[in-house]
Participant: 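One structure is given below, represented as structure tokens, and several questions about it will come after.
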Amino acid sequence: MKHFINLKDISSKDLRKILSDAKKRKKKRNSLNTLEIDRGSPLKGKLLVQMFEKSSLRTRLSFYLAIKQLGGGTLTLRANELHLGSGGETLEDTAKILSTYGDGFMLRTDKDKKLENFKKFLKIPVINGLSPSSHPTQVLSDIFTVEEIKKKPISKMNIAWVGDSNNVLNSLIAASIKFNFQLSIGCPKKYYPNKSILNWVKSFNKKINIFDNAEKAVFKADVIFSDKVISLNDKVNKKKKLNDFKNFRITKKLIKKAKTDCIFLHCLPRGSEVEEEVFFSKQSKVWQQALNRVHVQKSILLYCFGKLR
Ligand code: CP
Ligand code: NVA
């Protein structure tokens, strides 16, 4: 049994194995319908419990499909319907009950500490479905999408991020070490990534380029990533933050600074950080990106259940 909490804590070899399993599985599903089960039904009879403390569309649906296609099933809980929290039941007791009824636990939470606490008390794998500090299932799936479209290893590409230093970016930074790719970040100085993640990068003798300028960040990029300026439950002065990012929008003009075959990715949901003309352009691969969550999360589940081939 393995947990999937942060890309930083998973070996490059295991992450690669997950991606190559996903590639094989995706190919084999060409002629199958949405709810048809993969040959061999590798997670037959397994129950994945999902709990959301924040809104979700894609993560919820893609995990539902992922476990279904492997022969198992899912139950989705809303945090405020449990005794945990306002009802006074402890996290330890909750974790023990989850381990009694379920086989895996996917948590989207507002507190990183909660993932660690669940990990401590659960006897089943825990998967991070987004926390304040990371969004590892999203980013691993995005690496898959980039390599699928570009047909070459991400280590041979220039990856650019234009936007806030948030959970998705933290996971992308972790991925840049695990998959050894060039990462350039464009965001206002005041929103640069925090020191601890940059020090972690430094400990690998690796450099990430950070610019207070979007054009410099996307120069000769193969891929441009962006995300909402205001994240879920972001307790900031929204108007002010949006204004701080006014020169960091993904526009047609900006994309021209990147390579001509550059693609645009966004985990969604989107805000005003990307121009509609870009979002609905041929270079935008956001729908393919969203669908790939299913394929990659299947292999993440197999990794967690110790069933990765
Ligand atoms: N990208 C993503 O995680 O989407 P949801 O918030 O809808 O799950
Ligand atoms: N950074 C965003 C990602 C949403 C999927 C957020 O945390 O809201």
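No hydrogens, no waters, no symmetry mates; every other heavy atom, side chains included, goes into these values. Just so you know, these numbers come straight off a predicted model, no measurement behind them. Read the numbers this way: they start at 1 and go in the same order the structure lists the ligands and their atoms.
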Participant: If you measure every N/O of L232 against every N/O of ligand 2, is any gap under 3.5 Å?
Facilitator: yes

Participant: Which bit of N233 is near ligand 2, meaning a heavy atom under 4.0 Å away: side chain, backbone, both or neither?
Facilitator: neither

Participant: Between T76 and R60, does any side-chain donor sit less than 3.5 Å from a side-chain acceptor?
Facilitator: no

Participant: Could you find the nearest protein heavy atom to atom 7 (O) of ligand 1 and give me its residue, atom name and distance?
Facilitator: L57 N, 2.6 Å

Participant: Would you call L268 a ligand 2 contact, heavy-atom distance under 4.0 Å?
Facilitator: yes

Participant: Tell me, which protein residue and heavy-atom name are nearest atom 1 (N) of ligand 2, and how many Å apart are they?
Facilitator: D227 OD2, 2.7 Å

Participant: Heavy atoms only: give me the nearest T59-Q297 pair and the separation to one decimal.
Facilitator: O-NE2, 4.4 Å

Participant: For ligand 1, which atoms, with element, lie under 4.0 Å from some heavy atom of S56?
Facilitator: 5 (P), 6 (O), 7 (O), 8 (O)

Participant: Establish, from distance only, whether the side-chain atoms of N170 and S133 form a donor-acceptor pair under 3.5 Å.
Facilitator: no

Participant: For L268, which part has a heavy atom under 4.0 Å from ligand 1: side chain, backbone, both, or neither?
Facilitator: backbone

Participant: How far is atom 6 (C) of ligand 2 from its nearest protein heavy atom, and which residue and atom is that?
Facilitator: S231 OG, 3.2 Å

Participant: Write out the residue and atom name of the closest protein heavy atom to atom 4 (C) of ligand 2, then the distance separating them to 0.1 Å.
Facilitator: L130 CD1, 3.8 Å

Participant: Are W200 and I159 connected in the hydrophobic side-chain network, where two residues link if heavy atoms are under 4.5 Å apart?
Facilitator: yes

Participant: Any idea which protein heavy atom is nearest atom 7 (O) of ligand 2, and the distance to it?
Facilitator: N167 ND2, 2.8 Å

Participant: Just which atoms of ligand 2 are under 4.0 Å from any heavy atom in N166?
Facilitator: 1 (N)

